[in-house]
Amino acid sequence: MSWAIVDVANFYVSAERLFDPSLRGVPVIVLSNNDGCAVARSEEAKALHVRMGEPVFKIRDRIKRHGIQLRSSNYELYADLNRRFNAVIADHSETVEIYSIDESFFRLPVLPSGLGDVATAHAVREDIARSVGLPTRIGLGPTRTLSKVANALAKATEKVWGGVVDLHDVELRRRLFDQWPVGEVWGIGGALEARLRPLGVKTTADLAALPPAVARDVGTVVLERLVRELGGIECDDFKVAPEPLRRSDLIG
């Protein structure tokens, strides 16, 4: 069996657009509990340089000038949609692990060719779009880490890969890893990226080639396991804790 992870594109914004179609194609910001700051931004709002956690009072002129639409966060709605899209995943997989409000790992079979079940991954996306109305991307890989990297690549190259990337193919991994910055890898924060830089680790390929013992010295056993997983060796129950929203993001 292989791992897959599905994430909902701009989840809070997509949820608001689901119930208010007039928001489609326009810049949207979803606000914190007291409407103080941005906790989610549409692609259009990101293009206008609205930052995560940015206070609304600082960008009032930009909001007015560009017609940015504001919506209060609705966590009951988001939790209900999370339950609904996970129910769809469960129709296709016996193992579903909720990772965060907008992401879930699940299991899919490995095909006789050794590749991931891309057809079923596309079916999951289509079923979620049809029955829940949410846009998603899916990454596949022999480990959770590789599926998470595949998911990030699926986001960045959606028009090329159609929303699904499979990293069971070792040669494809080599080609894509050469171009993917190490800072974009699951669990590699800014501080760890800085510690890796003197070792010449700049890309995902560099990280995957790092000797596990060196990885342990630089970033403890967690980084060692991550490096092993990038090489296709599954470490039981290895998961990086999802980064929570800061309290300031939630209450402004």
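Predicted model, so just to flag it, every value in this text is computed and none were measured. For the single chain, residues carry numbers from 1 onward in sequence order.
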Between [X] (side chain) and [Y] (backbone), is there a donor-acceptor pair under 3.5 Å?
X: Arg228; Y: Ile233; answer: no
X: Asn82; Y: Ile101; answer: yes
X: Arg195; Y: Val218; answer: yes
X: Thr203; Y: Val182; answer: no
X: Ser73; Y: Tyr75; answer: no
X: Ser147; Y: Gly141; answer: no
X: Arg173; Y: Leu167; answer: yes
X: Gln69; Y: Leu23; answer: no
X: Arg125; Y: Gly162; answer: yes
X: Arg62; Y: His49; answer: yes

Quick one: are [X] and [Y] in side-chain contact, heavy atoms under 4.5 Å?
X: Pro181; Y: Lys202; value: no
X: Ile188; Y: Leu223; value: yes
X: Ile5; Y: Glu103; value: yes
X: Asn74; Y: Glu16; value: yes
X: Ile59; Y: Ile29; value: yes
X: Val110; Y: Leu115; value: no
X: Thr136; Y: Phe11; value: no
X: Trp161; Y: Arg137; value: no

Inset, instruction - Please indicate whether Arg51 has more than 12 foreign heavy atoms, meaning atoms of other residues, nucleotides or ligands, lying under 6.0 Å from its CZ. - result: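 Count not over threshold, so no.
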
Inset, instruction - Count the heavy atoms belonging to other residues, nucleotides or ligands that lie under 6.0 Å from CD of Glu94, then report whether that count exceeds 12. - result: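 Not more than 12 within 6.0 Å, no.
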
Over all atoms of both residues, closest heavy-atom pair of [X] and [Y]:
X: Gly163; Y: Ala154; value: O-CB, 3.9 Å
X: Asp127; Y: His92; value: OD2-NE2, 2.7 Å
X: Leu134; Y: Ala15; value: CD2-N, 4.2 Å

Under a single-linkage definition using a 4.5 Å side-chain heavy-atom cutoff for Ile, Leu, Val, Met, Phe, Trp and Tyr, are [X] and [Y] assigned to the same hydrophobic cluster?
X: Met1; Y: Ile138; value: no
X: Phe57; Y: Ile63; value: no
X: Ile98; Y: Trp3; value: no
X: Leu111; Y: Leu172; value: no

Inset, instruction - Please report the C-alpha distance between Asn10 and Ser42 in whole Å, then the side-chain angles of each, then the deciding distance to 0.1 Å, and finally whether the side chain to side chain donor-acceptor pair (under 3.5 Å) criterion is met. - result: CA-CA 6 Å; Asn10 294 322; Ser42 69; over 6 Å; no

What's the spacing between [X] [atom1] and [Y] [atom2] if we round to 0.5 Å?
X: Leu146; Y: Leu140; atom1: CG; atom2: CG; result: 11.0 Å
X: Glu97; Y: Ile89; atom1: CD; atom2: CD1; result: 11.5 Å
X: Leu31; Y: Leu70; atom1: CG; atom2: CG; result: 5.0 Å
X: His168; Y: Ser2; atom1: NE2; atom2: OG; result: 3.5 Å
X: Asn151; Y: Asp7; atom1: CG; atom2: CG; result: 4.5 Å
X: Leu210; Y: Leu230; atom1: CG; atom2: CG; result: 10.5 Å

Legend entry - Carboxylate-amine/guanidinium proximity below 4.0 Å for Arg107 and Glu234: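 Yes, this pair counts.
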
Legend entry - Worked check of side chain to side chain contact (heavy atoms under 4.5 Å, CB included) between Val26 and Glu44: CA-CA 6 Å; Val26 301; Glu44 296 85 358; over 6 Å; no

Legend entry - By ring-ring contact (aromatic ring centres under 6.0 Å, His included) - contacts of Trp186 (at least two apart):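 Scan of Trp186 (ring-ring contact (aromatic ring centres under 6.0 Å, His included), adjacent residues dropped) gives Tyr99, Phe105, Phe238.
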
Inset, instruction - List the steps, then state whether salt bridge (Lys or Arg N to Asp or Glu O under 4.0 Å) holds for Asp61 with Lys64. - result: CA-CA 5 Å; Asp61 289 345; Lys64 183 176 180 180; over 6 Å; no

Inset, instruction - Applying salt bridge (Lys or Arg N to Asp or Glu O under 4.0 Å), name anything that partners Glu76, two or more places apart in sequence or on another chain. - result: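 Counting only residues at least two positions away or on another chain, Glu76 forms no salt bridge (Lys or Arg N to Asp or Glu O under 4.0 Å).
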
Inset, instruction - Answer yes if the side chains of Ser72 and Asp35 hold a donor-acceptor pair under 3.5 Å, and no otherwise. - result: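 Distance-only check passes for Ser72 and Asp35.
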
Legend entry - Asn86 versus Ser104, side-chain donor and acceptor atoms under 3.5 Å: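 Looking only at side-chain atoms, Asn86 and Ser104 do form a donor-acceptor pair, the distance falling under 3.5 Å.
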
